[in-house]
Amino acid sequence: MIALAGPANRQGRLIADHIAGKHPYPYTGTQGTGIVKVFELTAAFTGQNEKNLKKASVPYEKMLILGNSHAGYYPGAETLVLKVLYGKDGKIFGAQAVGKQGVDKRIDVIATIMRLGGTTADLRDAELCYAPPYSGAKDPVNLIGMAIENVRQGLVKPYFGLDFNGMLVLDVRPSAVYEKEHIDGAINIPAGQIRARLAELPQDKPIMVHCFKGYTSYVVARILIQNGFDNVLSYAGGWNFYKSLKQD
């Protein structure tokens, strides 16, 4: 049960059509799509969240990315955080997003795909408007679909937590950035040097790779896996998301 004006208005039309006897049709349910503005930030959501899925004992997976409201090289781009909850079969359970710009249209797209019975593969394949002032050539909706499909195909394992006990934390950002701030205990091997320095990494413990936003860590994780490292994780959202979690 969720009280929203959109479903209420659609229900009103449905009731009027039934009363008038004009092509009566069933109500197809409330998905729970909403949005709120909090100062400069916008938060939007559709479908289920993690709390509700856990309460209902529904097994789920999740993916999180940091994307841009439009092409990063075009002035005024803002970062947005997008999360999708899904099943092992690719069914989309819900999505949430937070940012200053472009949040509404990403959740609207995902809500529509969900409404039509689409899967995470449809996020990857969605054909959306592109021009630098409006989006990147790969929209955040496409990017999170690609990231999910990478996981479903077994190409990478994501990591979301703050507990790194028993792991080697591998920071693949440039050394100058690492020296300014980094996760306690992390070692630094810039991404461009990783192939030449594989011998410095242990084979007997999990390696958690992180970068700025999560893309380069995926690439490095793939390099490690292809070179015989069996337990490699890529930090979803990268350093930027890790910092926001630590601040909270």
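Since the model is a prediction, treat every value here as computed from it, not as a measurement.
Residues Ile110 and Leu82 share a closest heavy-atom pair of CD1-CD1, 4.0 Å. Residues Val156 and Ala221 approach most closely at CG2-CB, 4.1 Å, considering heavy atoms. Pro140 approaches Ile65 most closely through the heavy-atom pair O-CD1, 3.4 Å. Annotation for Leu198 and Phe229: closest pair O-CZ, 3.7 Å, computed over non-hydrogen atoms. Closest approach of Lys213 and Thr79 over heavy atoms only: NZ-OG1, 4.1 Å.
Ile225 is connected to Leu170 through a chain of hydrophobic side-chain contacts under 4.5 Å among Ile, Leu, Val, Met, Phe, Trp and Tyr, so both are in one cluster. Placement of Val109 and Leu80 within a single hydrophobic cluster is found when ILVMFWY residues are connected by side-chain heavy-atom separations under 4.5 Å, directly or transitively. Both Ile183 and Leu245 are members of a single hydrophobic cluster when ILVMFWY side chains are connected at heavy-atom separations under 4.5 Å. Under the 4.5 Å side-chain heavy-atom criterion for ILVMFWY residues, a single connected hydrophobic cluster contains both Leu64 and Trp239.
Surrounding OH of Tyr60 are more than 12 heavy atoms belonging to other residues, nucleotides or ligands, all under 6.0 Å away. More than 12 heavy atoms of other residues, nucleotides or ligands shown are found within 6.0 angstrom of CD on Gln203.
Here the side chain of Asn52 pairs no donor or acceptor atom with the backbone of Gln48 at under 3.5 angstrom. No donor-acceptor pair closer than 3.5 Å links the side chain of Glu61 to the backbone N or O of Leu85. Looking only at distances, a side-chain donor or acceptor of Asn142 sits under 3.5 Å from a matching main-chain atom of Leu123. Checking side-chain atoms of His18 against main-chain N and O of Tyr25 turns up a donor-acceptor pair under 3.5 Å. Of the possible polar contacts, none joining the Asp171 side chain to the Tyr178 backbone as a donor-acceptor pair under 3.5 Å is found. Lys51 places no side-chain N or O within donor-acceptor distance of the main-chain N or O of Leu53, the cut-off being under 3.5 Å.
In this structure, a donor-acceptor pair under 3.5 Å is present between the side chains of Thr30 and Tyr27. The closest side-chain donor-acceptor pair between Thr46 and Arg115, if any, does not fall under 3.5 angstrom.
Here the straight-line distance linking atom CD1 of Ile92 with atom CG of Asp122 works out to 7.0 Å at 0.5 Å rounding.
Relative orientation of the His70 and Tyr74 rings is perpendicular, given thresholds of 30° and 60° on the angle between their planes. The aromatic rings of Tyr235 and Tyr242 stand perpendicular to each other, their planes meeting at an angle above 60°, with 30° marking the opposite boundary.
In this structure, Lys62 satisfies the cation-pi test against Phe160, with its NZ or CZ atom closer than 6.0 Å to the six-membered ring centre and inside 45 degrees of the ring normal.
Look at Asp89 and Lys91 and you find no salt bridge, because none of the NZ, NE, NH1 or NH2 atoms lies under 4.0 Å from a carboxylate O.
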